[in-house]
Trainee: 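Before I ask anything, here is the structure I am working with.
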Amino acid sequence: MKSNFKDFFSERINGTKDWLEDVGKLDETVTKTHSEIRHTEHLINTLFEVNTPKKEKHVSSSFPISYYISAGICIVVILVVLIATVCSLPEFGVVNSQMKEVSDRYVQSGMKETGAVNAVAGMILDYRAFDTLGESFVLFTALNCVWILLRTNRSSVERYFPLTEDNILVQAAKVSVPVILVYGIYVIINGHISPGGGFSGGAILGAGLILFSEAFGDEIAGKFVTEKRFKVICSAALLFYCLSKAYSFYVGANHLDSIISTGTPGRIISAGLILPLDIAVGIIVCLNMYGIYCMFKKGRV
Amino acid sequence: MEKISGHFPQIIAMILFTIGLSTLLLHRNLIKKIIGLNIMDTGLFLFITSVGYISDRLAPIIINGNTDPSLYVNPVPAGLVLTGIVVSVSVTSITLSLSYRLYKRFHTLNLDEIYLLAADEEER
């Protein structure tokens with residue numbers, strides 16, 4: 001009796017399972033066809049709009065011509081005022097005696113005080129380090145805003161033309177991605193002795209990462225930069241910047257001896273805090289560029 | 001005329017700025033507005049860098065320990081342009097993501113249509 005019951009119920013359960021599976025398959029096909037229909041509809045709509053820009057005309061004609069006239073007058077007035085203002089400034093390419101003092105100070109004693117051969121790096125990461133900290137926080141805040149606005153939980157991304165199937169791009173990326181990444185690291189590490197620094201090197205690294213993930217697919221790129229690692233590395237770099245610069249400002253303001261020496265100018269390991277700060281800024285910029293790109297592409301890192 | 005030839009890059013920068021401003025004023029498409037904003041930014045960067053340039057001088061990277069300030073151009077505008085570029089990138093990303101959300105909501109990028117649709121929704 002018991003076994004009979006069991007058989008009966010298991011049969012029933014199996015039957016329901018099969019039925020549910022069938023329903024699921026049906027559901028899938030329905031959603032698929034639905035998305036396909038939407039896609040074709042969208043394509044038709046765009047084609048139609050391209051062929052007959054009726055809507056646009058209708059809307060723009062509903063606005064008065066006086067708007068355009070007043071806007072044109074405004075633009076001309078602003079242009080004339082701006083050119084007149086610019087013409088009263090010091091001439092191009094001539095030494096400006098009013099701006100001389102600060103820049104002379106930076107060039108004259110910048111190398112001795114900061115240890116950086118590149119006067120711009122010494123300026124933005126030592127004298128004006130608060131400014132650069134603000135810049136990194138502006139970038140980070142922008143990333144957070146984009147994250148809030150564009151984050152989705154959908155797992156797959158609809159792409160009409162997946163670039164991973166593009167043979168030319170993939171073969172070119174195989175050659176160029178390592179070169180781009182190494183060059184970005186070079187620019188960051190040599191920021192205090194040659195042109196470059198955290199921002200430019202970070203932008204190069206970010207571009208390399210974007211090319212990598214575009215050519216080899218999100219899965220491979222996602223193995224390197226997971227969401228948790230992304231958050232931890234970004235916050236750690238910002239926190240390191242804050243703490244190290246807080247230390248150096250505290251020491252400098254109280255006339256204490258800093259444990260960080262400026263070293264010999266021109267060496268790679270020199271210039272005190274500028275090299276680690278460059279690396280931190282480079283990491284922040286690289287990850288932020290890549291994060292903004294990922295948010296626009298697939299809604300998650 | 002003499003004045004104009006002496007301030008050539010700055011005047012070009014201001015013309016770029018007004019081109020961006022007119023794009024911002026005369027177009028209704030949000031993407032075109034963002035492009036106009038970026039052109040304005042470019043004009044300002046050109047202006048700031050041209051203020052710091054001094055002819056026949058080198059980039060402010062000290063060569064052979066020679067710290068004579070009459071050899072190098074002004075390093076201050078370079079740092080300021082860096083700030084500007086970073087802010088421009090951030091503003092562009094935020095505005096692009098906002099317009100993306102607006103497109104998802106209203107299926108148009110025309111600002112007037114968006115206003116009309118939003119007003120319709122508020123009435124409902």
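In what follows, chains carry the letters A, B, and so on, assigned in the order in which the sequence lines appear, proteins first and then strands, with residues in each chain numbered from 1.
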Trainee: May I ask you to test the B:Pro75-A:Val107 pair for a side-chain heavy-atom distance under 4.5 Å?
Mentor: yes
Trainee: Can you tell me which portion of A:Cys145 sits under 4.5 Å from chain B's heavy atoms? Options are side chain, backbone, both or neither.
Mentor: side chain
Trainee: To the nearest 0.5 Å, how far apart are CG in B:Leu82 and OG1 in A:Thr132?
Mentor: 7.0 Å
Trainee: To the nearest 0.5 Å, how far apart are OG in B:Ser93 and CG in A:Leu143?
Mentor: 8.0 Å
Trainee: Given a strict heavy-atom distance threshold of 4.5 Å, which part of A:Ile75 is in contact with chain B: side chain, backbone, both, or neither?
Mentor: both
Trainee: Looking only at non-hydrogen atoms, find the nearest pair between B:Thr18 and A:Ile78 and report the distance.
Mentor: CG2-CG2, 4.2 Å
Trainee: Out of B:Thr83, B:Leu26, B:Val51, return the one with the most heavy atom pairs under 4.5 angstrom to chain A.
Mentor: B:Thr83
Trainee: In terms of heavy-atom proximity below 4.5 Å to chain A, should B:Val76 be classed as side chain, backbone, both, or neither?
Mentor: both
Trainee: Provide the closest heavy-atom pair for A:Ile83 versus B:Met14 in the form atom of the first, atom of the second, distance.
Mentor: CG1-CB, 4.4 Å
Trainee: Between A:Arg128 and chain B, with a heavy-atom cut-off of 4.5 Å, which part of the residue counts as in contact: side chain, backbone, both or neither?
Mentor: side chain
Trainee: May I ask you to name which of A:Val285, A:Ile292, A:Val146 has the most heavy-atom pairs under 4.5 Å with chain B?
Mentor: A:Val146
Trainee: For the residue pair B:Val86 and A:Leu139, what are the closest heavy atoms and their distance?
Mentor: CG1-CG, 3.7 Å
Trainee: Pick whichever of B:Leu21, B:Leu25, B:Leu71, B:Ile15 has the most heavy-atom pairs under 4.5 Å with chain A.
Mentor: B:Leu25
Trainee: Under 4.5 Å from any heavy atom of chain A, what part of B:Leu96 do you find: side chain, backbone, both or neither?
Mentor: both
Trainee: Side chains of B:Lys104 and A:Leu150, heavy atoms from C-beta outward: is any pair under 4.5 Å?
Mentor: no
Trainee: Counting only heavy atoms not in B:Glu121, do more than 12 sit closer than 6.0 Å to its CD atom?
Mentor: yes
Trainee: Taking C-beta and beyond as the side chain, do A:Val86 and B:Phe47 meet within less than 4.5 Å on heavy atoms?
Mentor: yes
Trainee: Can you tell me which of A:Cys74, A:Ser200, A:Ala142, A:Gly72 forms the most heavy-atom pairs within a distance under 4.5 Å of chain B?
Mentor: A:Ala142
Trainee: Return the option, out of B:Gly52, B:Gly79, B:Ser55, B:Ser97, with the maximum number of heavy-atom pairs under 4.5 Å with chain A.
Mentor: B:Ser97
Trainee: Quick one: what part of A:Ile193 sits under 4.5 Å from any heavy atom of chain B, side chain, backbone, both or neither?
Mentor: backbone
Trainee: Please flag which part of B:Ile85 lies under 4.5 Å from any non-hydrogen atom of chain A: side chain, backbone, both or neither.
Mentor: neither
Trainee: For atom CG of B:Asp56, is the number of surrounding heavy atoms from other residues, nucleotides or ligands below 6.0 Å larger than 12?
Mentor: no
Trainee: Which bit of A:Ser194 is near chain B, if near means a heavy-atom gap under 4.5 Å: side chain, backbone, both or neither?
Mentor: backbone
Trainee: Check whether A:Asn118 gets within reach of chain B through its side chain, its backbone, both or neither, counting any heavy atom under 4.5 Å.
Mentor: both
Trainee: Is the A:Phe92 ring parallel, tilted or perpendicular to the B:Tyr53 ring (thresholds 30°, 60°)?
Mentor: parallel
Trainee: Go through B:Ile94, B:Thr108, B:Val73, B:Leu98 and name the one with the most non-hydrogen pairs under 4.5 angstrom from chain A.
Mentor: B:Ile94
Trainee: Could you tell me whether a side-chain N or O of B:Arg101 sits under 3.5 Å from a main-chain N or O of A:Leu149, the two making a donor and an acceptor?
Mentor: yes
